[in-house]
Amino acid sequence: MTPAKLASTVLSAARAVFETRGLDVSALPATTAVERPRSPEHGDYASTLALQLGKKAGVPPRELAAALAEELGRQPGIKSVEIAGPGFLNIRLEAAAAGLLARDIVLAGTRFGHTDTLAGERINLEFVSANPTGPVHIGGVRWAAVGDALSRVLRAAGATVGTEYYFNDAGSQIDRFARSLYASAKGEPAPEDGYGGAYIAEIATAVVAEAPDVLKLGEPEALATFHRVGVELMFAEIKQSLTEFGVEFDTYFNEKDLHDRGELQEALDRLREQGHIFEADGATWLRTTEFGDDKDRVLRKSDGDWTYFAADCAYYLDKRKRGFDRVVIMLGADHHGYIGRMKAMSACFGDDPAQNLEILIGQLVNLVRDGEPMRMSKRAGTVITLEDFVDALGVDATRYALARYSSDSPIDIDIELWTSASRENPVYYVQYVAARTFNIALNAADSGVTRGVPGDFRAELLSGEHENDLLKALGEYPDTVARAAQLREPHHVARLLEKIAGAYHRFYDDPACRVTPKGDEPVTEGHRARLWLNDATRTVIANGLGLLGVSAPERM
RNA sequence: GCGCUCGUAGCUCAGCGGAUAGAGCAACGGACUUCUAAUCCGUCGGUCGCAGGUUCGAAUCCUGCCGGGCGCGCCA
């Protein structure tokens, strides 16, 4: 029995109690959840439903709990229900009901953990979005890991997700980039406001290789070539390093297209229709203060140019027109000042900012070596890049390290720790479970231990303490994925995997939990039942690591 | 000044309004003739920044204060 099934059993029991007693059924929530109590004395699962409903129903919680306990106790698979404290229901399952989870997981395979909690939601997820003026730097790396994991988690929860990378290959940043390339190709030092770093020389050389006559051109033509080819090469490189990192986007969206298609004007017109546009000092403004922003924002400057914010408005509108009802944007902490104007802008379009626009802020990341944050990259000079990260830790450890923390806490990633092969390195701890489960399955096959057909699975044999703990941890997986999706916090998945890993390692170390017989001992039904549990663990660990974009190795 | 955000064990961090707040590290002490010891077990460790409020119940929600980080342009 999964926690989800138990929860719905609790809810229908509550409905039955309400009906028999003639209570108002509308007081019942649409869904409820059971929780895993910390203390084993409180049963396998606990429900607080009676506490929540006592007041609404006008019945003392303990009395309601008693009625619920009686009703629940009659349900199949439930061994006992106790009332504790002010009205907690402490539920114990029959060993067989708990153990069946192992079989359910194995049979569900890669689908285990998928739910329909976000079914019908169309979510646009924008992250990284670095302009092609240099390699992806450290802030983008965090979002590459977290954003990609989130997209997978959202999909597992049943949402339709479009991932998106927004960039701009025009404007002064890119001009500086082009001028830096040009200077480098001519053997001159970088312009004062230009970009430094070894990568500029590399790209400049590559541009010259692709367009050998570029230095013979006049300056405007040469700059145009460096601009065009340089952006192309830089962007190809960004995409490649992201691909190597396991991250690909459904859409790479160029801001230029918004301009070319007249979408800024369209957005402005739309906002004007909504009555939020005004003219002042020769500029065109959006009255964002009407929806809580600090100050009104200029869309079109007095010189006739559009502002960056105007493009933001057009881009938002574009996403909405493409059918996304939730626009999620992941930004670095240095951009959190944008939240107010973005939310207000959404409201100016007539949307509900609480529903249609979510802005997630990620705090800073440091890559730490010998206790000191690394500040300089070998290649980029000024900042640490995605490649630096992967060179230092490898893809798996980088992704895991970034995805296991809440995005709103600043983190230090210690190179020594994340490359160590030990308990203190969470990614090794979890991956080691994958390797152990695989190895055990091999050994089982060698010793003639097989799962057999599902109908022969003896779930009640998985009743030891370590087997129980492992089953319960595995049972939390679907809810955890759903919650991670709901909260946009993939780190919950990583934390559960670590908990499962701990439970598995304890199971493994328990001499009573052997999957293969020792020495000449005969194969028993217990070995076979534990092989189901072993394989169920492997399934969940592999699925969970998959959501984080981390491999589940067969051997370490 | 205004806004956002964080404050939980010595350190790094989990923690869905629920019961006696948890992990890892560090410190100390144990377990390999054993399916991989990259593992496991034990001990030590708390004013959940402070003060109010809401609630049957608050680390969690609200308000104020203190402390850290960040942001506040007709820049991109």
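Every chain is numbered from 1, with letters handed out A, B, ... down the list of sequences. Bear in mind that the values here come from a model prediction, so they are computed numbers and not experimental data.
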**Q** Does H505(A) place a side-chain N or O at less than 4.0 Å from the phosphate oxygens OP1/OP2 of C41(B)?
**A** no
**Q** Which whole-number value in Å describes the distance from I541(A) CD1 to A38(B) P?
**A**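 So the CD1-P distance, I541(A) to A38(B), works out to 18 Å.
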**Q** Look at Y508(A) and A37(B) and indicate whether a side-chain polar atom (N or O) is within less than 4.0 Å of OP1 or OP2.
**A** yes
**Q** Are any of R404(A)'s side-chain N or O atoms less than 4.0 Å away from OP1 or OP2 of U12(B)?
**A** no
**Q** Y429(A) side chain: which of C40(B), U12(B), U34(B) is closest?
**A** C40(B)
**Q** Test the R287(A)-F278(A) pair against the cation-pi criterion, namely NZ or CZ under 6.0 angstrom from the six-membered ring centroid and within 45° of the ring axis.
**A** yes
**Q** Is there side-chain contact between I541(A) and I500(A), with heavy atoms separated by less than 4.5 Å?
**A**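 Side-chain contact under 4.5 Å: yes.
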**Q** Measure from NZ or CZ of R495(A) to the centre of the six-membered ring of Y405(A) and say whether it is under 6.0 Å with the direction within 45° of the ring axis.
**A**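 Output yes; distance and angle both within limits.
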**Q** Does K295(A) place a side-chain N or O at less than 4.0 Å from the phosphate oxygens OP1/OP2 of G73(B)?
**A** yes
**Q** For the pair made of OH in Y504(A) and P in A38(B), what is the distance, rounded to whole Å?
**A** 15 Å
**Q** Between N or O atoms, less than 3.5 Å apart, protein on one side and nucleotides 19-27 of chain B on the other: list the pairs.
**A**
unit_1: A19(B); atom_1: OP2; unit_2: R38(A); atom_2: NH1; d: 2.5
unit_1: A19(B); atom_1: N6; unit_2: N90(A); atom_2: OD1; d: 2.7
unit_1: A19(B); atom_1: N1; unit_2: N90(A); atom_2: OD1; d: 3.0
unit_1: A19(B); atom_1: N1; unit_2: N90(A); atom_2: ND2; d: 3.2

**Q** Please state how far atom CG in D412(A) lies from atom P in C13(B), giving the value in whole angstrom units.
**A** 6 Å
**Q** Taking atom P of C6(B) as reference, at what distance in whole Å does atom CD of Q363(A) sit?
**A** 8 Å
**Q** Which whole number of Å gives the distance between the C1' atom of A59(B) and that of G46(B)?
**A**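 It comes out at 12 Å once rounded to the nearest Å.
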**Q** Here's a test of your reading of the structure: between W285(A) and A435(A), which maps to the more 5' nucleotide of RNA chain B?
**A** A435(A)
**Q** Using 4.0 Å as the upper bound for N to carboxylate O, is an ion pair formed by E465(A) and R506(A)?
**A**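 A salt bridge is absent here (no side-chain N lies under 4.0 Å from a carboxylate O).
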**Q** When the distance from CZ of R297(A) to P of C72(B) is rounded to whole Å, what number comes out?
**A**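 The answer, rounded to whole Å, is 10 Å.
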**Q** Which residue, Q363(A), H492(A), H491(A), forms the side chain to side chain contact (heavy atoms under 4.5 Å, CB included) with S406(A)?
**A** H491(A)
**Q** Would you indicate whether the side-chain heavy atoms of L268(A) and R272(A) approach each other to under 4.5 Å?
**A**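 With C-beta onward as the side chain, the pair touches.
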**Q** Work out how far the C1' atom of U60(B) is from that of U55(B), and round it to whole angstrom.
**A** 13 Å
**Q** Using the side-chain heavy atoms of K301(A), tell me which of these nucleotides is nearest: C4(B), C56(B), C74(B).
**A**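 Looking only at side-chain atoms, K301(A) lies closest to C74(B).
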**Q** Write down the distance between CD1 (I339(A)) and C1' (U5(B)), rounded to a whole number of angstrom.
**A**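 Atom CD1 in I339(A) sits about 9 Å away from atom C1' in U5(B).
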**Q** Using 30° and 60° as the class limits, which term best fits the ring planes of H276(A) and F291(A): parallel, tilted or perpendicular?
**A**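 Taking F291(A) first and then H276(A), their aromatic rings stand perpendicular (interplane angle over 60°).
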**Q** Using the ring of each side chain (for Trp, its six-membered ring), is Y166(A) parallel, tilted or perpendicular to Y315(A), with breaks at 30° and 60°?
**A**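 Aromatic pair Y166(A)/Y315(A) classed parallel.
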**Q** In whole Å, measure the gap between the P atoms of C72(B) and C40(B) for me.
**A**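 Those two atoms are separated by 46 Å.
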**Q** Regarding R483(A), tell me which of base, sugar-phosphate or nothing describes its non-hydrogen contacts under 4.0 Å with the strands shown.
**A** base
**Q** Say we look at C48(B) and A58(B): how far apart would their P atoms be, to the nearest angstrom?
**A**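 Between the two P atoms, the distance is 13 Å.
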**Q** Counting runs of three or more consecutive pairs, Watson-Crick or G-U wobble, with each distance below 3.5 Å, where are the stems of RNA chain B?
**A**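 In RNA chain B, stems of three or more pairs: B:1-7 with B:66-72, B:10-13 with B:22-25, B:27-31 with B:39-43, B:49-53 with B:61-65.
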**Q** Rounding to an integer number of Å, can you tell me how far F438(A) CZ sits from U36(B) P?
**A** 12 Å
**Q** What integer number of Å spans the P atoms of G68(B) and U8(B)?
**A** 14 Å
**Q** As an exercise, state the distance from CG of L533(A) to CG of L462(A), rounded to the nearest 0.5 Å.
**A** 5.5 Å
**Q** Does R436(A) qualify as a cation-pi partner of Y508(A), given the criterion of NZ or CZ under 6.0 Å from the six-membered ring centre and within 45 degrees of its axis?
**A**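 Cation-pi check for R436(A) and Y508(A): passes.
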**Q** Distance criterion of 3.5 Å, no angle test: do you see the side chain of H336(A) paired donor-to-acceptor with the base of G3(B)?
**A**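 Between G3(B) and H336(A), which were checked side chain against base, a qualifying N/O pair under 3.5 Å is present.
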**Q** May I have the distance from E476(A) (atom CD) to G15(B) (atom P), rounded to whole angstrom?
**A** 13 Å
